[in-house]
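These values consider heavy atoms only, across backbone and side chains, with no hydrogens, waters or symmetry-generated copies. Order of the sequence lines sets the chain letters (A, B, ...), proteins ahead of strands, with each chain counted from 1.
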Amino acid sequence: MRLSQYFLPILRDDPKEAEIVSHRLMLRAGMLRQSSAGIYSWLPLGYKVLNKIETIVREEQNRAGALELLMPTIQPAELWRESKRYEAYGKEMLRITDRHERDMLYGPTNEEMITEIFRAGVKSYKELPRILYHIQWKFRDEVRPRFGVMRGREFLMKDSYSFDLTKDDSVKSYNKMFVSYLRTFARMGLQAVPMRAETGPIGGDLSHEFIILAETGESAVFCHKDLVEMTAPPRDVDYSGDLTPYVRQRTELYAATEDVHEPERFEKEVPEDKRLSARGIEVGQVFYFGTKYSEPMNAKVQGPNGELVPVEMGSYGIGVSRLVGAIIEAHHDDAGIVWPQAVAPFDAGLINLKSGDSATDSACEQIYERLTHAGLDILYDDRDDRAGAKFTTMDLIGLPWQIIVGPKGLAAGEIEVKNRATGQKSNLSLDAACQLVAGAVAEAKEDA
RNA sequence: CGGGGCAUGGCGCAGUCUGGUAGCGCACCUGCUUUGGGAGCAGGGGGUCGCAAGUUCGAAUCUUGCUGCCCCGACCA
């Protein structure tokens, strides 16, 4: 993509409403535009990132055996009356009346709807287990939205729902999602730590929140330091096999958010030099809730003995739009965003320091062509602008690599390649520069 | 929902106290000079001053009501 043809409304000054760094940087980098409180338009650069995150989530869900479907944003109140949540949910639920005076709502979550879909389609234990998921926009009318996409009212979320005959089977489904989450977040360059979580108003007794550590995190968290250094399960992890070792490894060490933190246990179970108190952002949650919905909504299957039993369920959420903010919170510096390769809006930026100069123009065209043919997505700053402005813009939007082509370098047969994360610069021939970037990008994508 | 604050061009702000018909920086357009870490000069374009009533010869400015947005707290993916 040539920057001269792109839509990238960069802001030089910080918008005053943006308090935390991810919100500020998303606005400044032209990723996002606020429509009203907690509701945003995603501009091209931001939307690319959102889509990349969504794709990773989808790929890892599919690998774990979950099946994608799509439920509507608008739901009938009827369903929610069945589960008794229509009254219970309160003002966070956006209620709508259609032209026929029917009570509708903009879905804040989908347990009722998926349970309805499941009960209509599955009657036998032979069709279990199943994990169904969708990635859809949701709306929760937060009293006080804040922190940009981290706590919006409208947000994109992946939620999965598991259906099993027994609690033991349900725990297996839980573990599949647990492992899938470890891989999902790791692929985005995040070290997510599963922590014991409150089961909250949804009820149930087995739940973990996946937390990434960040200074600006919304809640205090406490965990064993070793948890932060664990590597994710491998790409070819066998989801049909026994996943308990992965889960046990993460859950036998102390990890809790402030809501469920037990200081005495923390001190007793974790040696002093391994205690970590930090702040964290919740990016996902896994949740077993048994028959909480299947019972009242009559989602039953016939077991082997012919008896009708309510299905055991769990739900598993990932805040897709929140992740954009969370990743920035974890990956930025004073100059701007520092994207992990896997979610970067473009693989690399190409800077022409003197647009209109035939030597730099043709060198840039060559590089652009070559890397594009190699499958890289390049943002080429071909605008007629000052060098300094181009450097600043490129640092702000945080593409992992910058390929810098100017007349001085070219005269010496050199092109500069800068790594955004490390700041390391190398002066290379055109060939070597292309190889370095193409190679590094390919390597970073290997785990995909 | 309690407490506080702010609404003036795309972004950041001044002007409001003391009423006289809107200004600055950045961004944008044109030209010239510049050109390796947000250049200089000159000339331009863009705003029903959040909305509605009221006071007044005259309202961004005073009065009343409303709305929106932000921050702290309680709540939440």
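The distance between atom NZ of A:K354 and atom P of B:G36, rounded to the nearest whole Å, is 9 Å. Whole-Å rounding puts the A:E17 CD to B:G50 P distance at 17 Å. Between the CG atom of A:D13 and the P atom of B:A27 there is a distance of 9 Å, given to the nearest Å. Atoms CZ (A:F287) and C1' (B:C76) sit 14 Å apart, rounded to a whole Å. Atom P of nucleotide B:A77 and atom OH of A:Y181 are separated by 13 Å, given to the nearest angstrom. B:C26 atom C1' lies 12 Å from atom CZ of A:R28, rounded to whole Å. Regarding A:F391, its CZ atom lies at a distance of 7 Å from the P atom of B:G37, rounded to whole Å. Remark: P of B:C76 and CE of A:M157 are 14 Å apart, rounded to the nearest angstrom.
For the pair A:D361 and A:K354, the salt-bridge criterion is not met [side-chain N within less than 4.0 Å of a carboxylate O]. A:D431 has a carboxylate O that lies under 4.0 Å from a charged side-chain N of A:R370, or vice versa, which qualifies the two as a salt bridge. Salt bridge annotation for A:E60-A:R183: present, with a cationic side-chain nitrogen under 4.0 angstrom from a carboxylate oxygen.
Here B:C13 is the nucleotide among B:U34, B:C13, B:C11 with the atom lying nearest to any side-chain atom of A:K16. Residue A:P15 places its side chain closer to B:G12 than to any other of B:C75, B:G12, B:C1. Side chain of A:R140, nearest nucleotide from B:C69, B:C76, B:G36: B:C76. Of the candidates B:C11, B:C75, B:G38, the closest approach to any side-chain atom of A:I10 belongs to B:G38. Distances were taken from every side-chain heavy atom of A:E142 (C-beta onward) to each of B:A77, B:C11, B:C6; the shortest belongs to B:A77. Among the nucleotides B:G38, B:A39, B:G36, the one closest to the side chain of A:P407 is B:G36.
B:G23 and B:G43 have their P atoms separated by 16 Å, with the value rounded to a whole Å. Rounded to whole Å, the P atom of B:U48 lies 30 Å from the corresponding atom of B:C41. Distance noted for atom P between B:A59 and B:G5: 29 Å (whole Å). With C1' as the reference atom, B:U30 and B:G46 are 15 Å apart, rounded to whole Å.
Pair assignment for B:C76: none, as no Watson-Crick or G-U wobble contacts are both less than 3.5 Å. In this structure, B:G65 forms a base pair with B:C51, meeting either the Watson-Crick or the G-U wobble geometry with both donor-acceptor distances under 3.5 Å. B:C32: Watson-Crick or G-U partner is B:G40, with both key distances under 3.5 Å. Across the strands present, B:C17 finds no partner; the criterion is a Watson-Crick or G-U wobble pair with both atom distances under 3.5 angstrom. Here B:G25 sits opposite B:C11 as a Watson-Crick or G-U wobble pair (both hydrogen-bonding atom distances under 3.5 Å). B:U56 is unpaired under the Watson-Crick or G-U wobble criterion, no partner having all donor-acceptor distances under 3.5 Å.
If you find the closest nucleotide of RNA chain B to A:E218 and to A:K390, the one lying nearer the 5' end belongs to A:K390.
Residue-level contact check: A:K158 touches neither bases nor backbone, having no heavy atom under 4.0 Å from any strand.
Put simply, A:K91 has a side-chain N or O that comes within less than 4.0 Å of OP1 or OP2 on B:C1. For A:Q34, a side-chain nitrogen or oxygen approaches OP1 or OP2 of B:C70 to under 4.0 Å. Considering only side-chain N and O atoms, A:R144 lies nowhere under 4.0 angstrom from the phosphate OP1 or OP2 of B:C70.
Remark: A:R2 qualifies as a cation-pi partner of A:Y368 under the 6.0 Å distance and 45° angle criteria applied to the six-membered ring.
Checked by distance alone, A:R151 brings a side-chain donor or acceptor within 3.5 Å of a matching partner on the base of B:C75. Judged by distance alone, with hydrogens and angles left aside, A:R12 brings no side-chain donor or acceptor close enough to the base of B:A27 to form a pair under 3.5 Å. Donor-acceptor pairing under 3.5 Å, judged by distance alone, is present between the side chain of A:D395 and the base of B:G37.
Taking the six-membered ring where the residue is Trp, the centroids of A:H261 and A:Y254 are separated by under 6.0 Å.
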Which pairs would a plain distance check flag for residues 399-415 of chain A, meaning a side-chain donor or acceptor within less than 3.5 Å of a matching protein atom at least two apart in sequence or in another chain?
{"residue": "A:W401", "atom": "NE1", "partner": "A:Q341", "partner atom": "OE1", "Å": "3.4"}
{"residue": "A:Q402", "atom": "NE2", "partner": "A:D395", "partner atom": "OD1", "Å": "2.7"}

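The closest side-chain heavy-atom distance from A:Y246 to A:F178 is not below 4.5 Å.
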